[in-house]
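Heavy atoms only: backbone and side chains are in, while hydrogens, waters and symmetry mates are out. For this chain, numbers begin at 1 and follow the sequence in order. None of the values given here were measured: they were computed from a predicted structure.
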Amino acid sequence: MIRSGRYACLAFLLALPAVAQEPLSAIPWLSDSLRQDQVLPDQNADTGAITSSSLDAPQTEGIGILSPRQTGLPFDLWGQTSRSEVVELIFSHPEGKLPEAQAMFQNILLAKTRPPSGPSGGPSTMLARIDRLLSIGALDAAEALIAAAGIIDPELFRRAFDVGVLTNRPEAACAALRVNPALSPTFPARIFCLARANDGDAAALTLRLGHELGAISPEEELLLARFLDPQAFEDEPDEVPDTPLTALDYALRDAVALARPQGTPPLAFEHLDLEQGAPMRARITAGERLVKFGSIAPTTLFQAYRAGRPAASGSIWERASAVQALDRALASRDGAEIAEALSEADEVFSNHGLRVALAKAYAARLANVPRAGFPDDNIRKPFELLLLAGELDAAERWQSASPSAQAKLLFALADPEQSLPSADGLSGLERMIVEGLTRTTAPNEPARYLMSLCKSDRKGEGILGALALLRDGFEVDPDDLQAALFVLSQMELGLSARRIGLEKLLLRPPA
């Protein structure tokens with residue numbers, strides 16, 4: 001629950017959710033890969049190398065993979081904000097829809113900072129950051145953060161194990177398990193790691209031992225038995241009783257070609273469908289969900305669009321067809337053909353909230369498209385897409401000889417070295433963006449409140465509050481947008497603030 005007067009005020013000003021999630025509740029699907037009452041024997045472990053460390057150790061709380069120079073965030077990001085408050089802020093922060101706002105939030109989760117204050121044994125900001133990354137399917141980022149901390153704790157092992165299972169990269173977690181039985185794995189986790197190490201005999205022996213000790217449920221036992229020896233079940237019905245939905249359960253079902261549970265899977269589970277051998281529809285569906293959350297690079301999605309011939313029209317196949325048509329047009333070097341294909345692709349991807357992904361996927365190739373032969377009435381498309389991709393030199397080639405006030409503003413927003421233009425000739429929204437980025441005094445009450453947090457050594461709270469104002473993304477209220485841009489600019493995050501203003505002007509809600 002939101003307990004303090006400060007959070008209540010923030011909820012009032014920013015319309016944040018009235019109830020925040022309890023710490024560590026965001027990941028209900030974490031595999032039950034730990035057992036605290038028994039350490040399983042490992043004859044191959046180097047007992048001299050066994051180590052154990054508490055996640056409460058202060059050195060883990062501020063660990064990150066991005067420096068203040070890389071993020072623009074202050075090292076003393078949390079200041080007077082306590083560890084428990086940081087955890088609550090991380091879990092209650094609304095999902096953003098503007099790509100730059102999503103990227104900024106991920107930067108906060110990955111940033112190296114001074115550890116927030118808090119009592120020993122309190123909630124872990126490290127686990128909170130990892131879990132929030134897992135909740136949006138940002139497994140590569142979570143994996144990197146875990147690696148930076150080291151798999152030194154049972155809860156870190158639990159998360160490393162699931163990331164490895166879902167990315168088909170379990171080597172790090174299983175290696176940590178071999179040298180440190182103090183991580184206290186369950187029988188299923190040990191069996192899985194033994195199988196992945198091609199030690200089928202030891203895995204089968206451990207499965208029998210788990211059965212004899214009653215340490216494996218009948219459902220887990222049947223699923224693991226199928227995994228270890230699928231040929232033995234060739235004539236058996238493809239039915240396994242439901243078990244709690246965990247990463248391991250989901251991955252094992254996939255491995256033995258059993259039906260998945262019905263419904264949309266958690267975002268992190270979509271990584272299992274990114275493999276090249278997965279069906280084209282599944283690859284595209286998974287890639288689009290993850291790209292929209294900023295959890296994977298657009299390159300992976302666009303590889304899926306090119307994985308085969310579109311099977312039908314409409315939906316995902318419309319986007320796959322548009323990609324393949326644009327590829328053919330770019331290969332032809334024909335300006336008119338490129339213009340037509342680019343216009344079609346831009347339309348279908350914008351309608352699905354994927355315009356930034358399209359821009360980034362084609363930035364390098366669009367930068368080399370000759371303007372000669374390109375229809376004058378279509379030059380705005382490459383200009384805007386190149387701005388969204390950050391290709392400023394290439395975008396400048398596509399400016400008209402007499403650019404409008406709007407075009408000048410777009411280019412200035414994308415180029416941090418340019419001064420922003422005056423408000424003359426701009427629309428109301430454009431004026432509010434410029435004023436939000438250039439004002440020296442807070443434009444409204446939310447901005448004043450958030451700046452008061454920043455000035456009272458609670459910079460992280462103020463920055464997260466500014467990002468929360470952008471929660472409606474493409475449809476964000478102009479006053480909230482202006483307040484957010486003002487706060488971010490005042491906190492020396494002007495480059496990201498400009499980028500947010502650019503996206504607000506160039507992106508539209510999915511159709």
Side-chain angles (χ1 to χ4, degrees), residues 24-35 130-143 146 155 157-174 177 185-196 203 207 210 216-230 233 236-293 295-296 300 304:
L24 306 184
S25 66
I27 311 295
W29 48 259
L30 279 177
S31 297
D32 184 15
S33 56
L34 307 176
R35 57 180 295 127
I130 293 170
D131 281 5
R132 193 62 200 266
L133 290 168
L134 294 179
S135 74
I136 61 173
L139 298 190
D140 290 345
E143 184 179 48
I146 293 169
E155 288 297 338
F157 167 76
R158 185 183 186 193
R159 287 151 178 82
F161 179 79
D162 274 9
V163 169
V165 164
L166 293 171
T167 60
N168 199 27
R169 297 191 298 263
E171 293 79 16
C174 291
L177 176 58
T186 56
F187 275 89
R190 176 59 61 91
I191 292 165
F192 177 83
C193 283
L194 288 170
R196 283 301 301 252
L207 179 62
I216 303 179
S217 71
E219 295 83 6
E220 289 176 317
E221 184 178 355
L222 180 55
L223 194 53
L224 285 164
R226 280 179 173 266
F227 177 65
L228 295 179
D229 189 5
F233 292 85
E236 297 292 325
D238 290 338
E239 294 182 6
V240 173
D242 288 338
T243 58
L245 183 63
T246 67
L248 182 59
D249 173 76
Y250 199 81
L252 291 178
R253 285 175 176 270
D254 259 23
V256 297
L258 289 176
R260 294 174 173 178
Q262 292 186 347
T264 303
L267 269 169
F269 290 17
E270 297 281 21
H271 281 260
L272 292 171
D273 280 337
L274 296 180
E275 299 289 337
Q276 291 189 0
M280 186 176 175
R281 173 186 283 276
R283 288 179 66 183
I284 294 174
T285 300
E288 288 185 346
R289 283 191 73 199
L290 290 164
V291 163
K292 285 184 178 180
F293 277 83
S295 304
I296 62 171
T300 302

With rounding to the nearest 0.5 Å, note down the distance linking CG in L30 to CZ in R159.
5.0 Å
Identify, with sequence neighbours excluded, every residue that meets salt bridge (charged side-chain N to carboxylate O under 4.0 Å, His left out) alongside R281.
none
Between S31 and L248 the two heavy atoms that sit nearest each other are OG-N, 3.0 Å
To the nearest 0.5 angstrom, please state how far the CG atom of L224 sits from the CG atom of L252.
5.5 Å
Atom CD of E143 and atom CG of L133: how far apart are they, to the nearest 0.5 Å?
12.0 Å
Side-chain donor/acceptor pairs under 3.5 Å, residues 267-274, sequence neighbours excluded:
from	atom 1	to	atom 2	distance (Å)
E270	OE2	R289	NH1	2.7
H271	NE2	G137	O	2.7
D273	OD1	R260	NH2	2.7
D273	OD2	R260	NH1	2.9

Going by side chain to side chain contact (heavy atoms under 4.5 Å, CB included), name the residues that satisfy it together with A255, two or more places apart in sequence or in a different chain.
F227
What residues form a salt bridge (charged side-chain N to carboxylate O under 4.0 Å, His left out) with E171, not counting sequence neighbours?
R196
State the CD1-CD1 distance between I146 and I130, to the nearest 0.5 angstrom.
4.5 Å
Could you go through F233 and L258, starting from their C-alpha distance and side-chain angles, then the distance that decides it, and tell me whether this counts as side-chain contact (heavy atoms from CB on, under 4.5 Å)?
CA-CA 12 Å; F233 292 85; L258 289 176; over 6 Å; no
Over all heavy atoms of both residues, which pair between C193 and F161 is shortest? Give the atoms and the distance, please.
SG-CE1, 4.1 Å
With sequence neighbours left out, write down each residue that passes salt bridge (charged side-chain N to carboxylate O under 4.0 Å, His left out) with E221, or none if nothing qualifies.
none
At their closest point, which heavy atom of F157 faces which heavy atom of A173, and how far apart are they?
CE1-O, 3.4 Å
Under the side-chain contact (heavy atoms from CB on, under 4.5 Å) criterion, do L139 and L134 qualify, and how do the steps go?
CA-CA 6 Å; L139 298 190; L134 294 179; 3.6 Å; yes
Can you tell whether the side chains of R158 and D162 come within less than 4.0 Å, N to carboxylate O?
no
Distance from L207 atom CG to I216 atom CD1, nearest 0.5 Å?
5.0 Å
Write down the atom of S135, the atom of I27, and the distance for their closest heavy-atom approach.
N-CD1, 3.5 Å
Sorted by chain and number, sequence neighbours left out, salt bridge (charged side-chain N to carboxylate O under 4.0 Å, His left out) with D229 holds for none
With the threshold set at 4.0 Å, does a side-chain nitrogen-carboxylate oxygen contact exist between E288 and K292?
no
Check E275 against T167 and note the closest heavy-atom contact, atom names and distance.
OE2-O, 4.2 Å
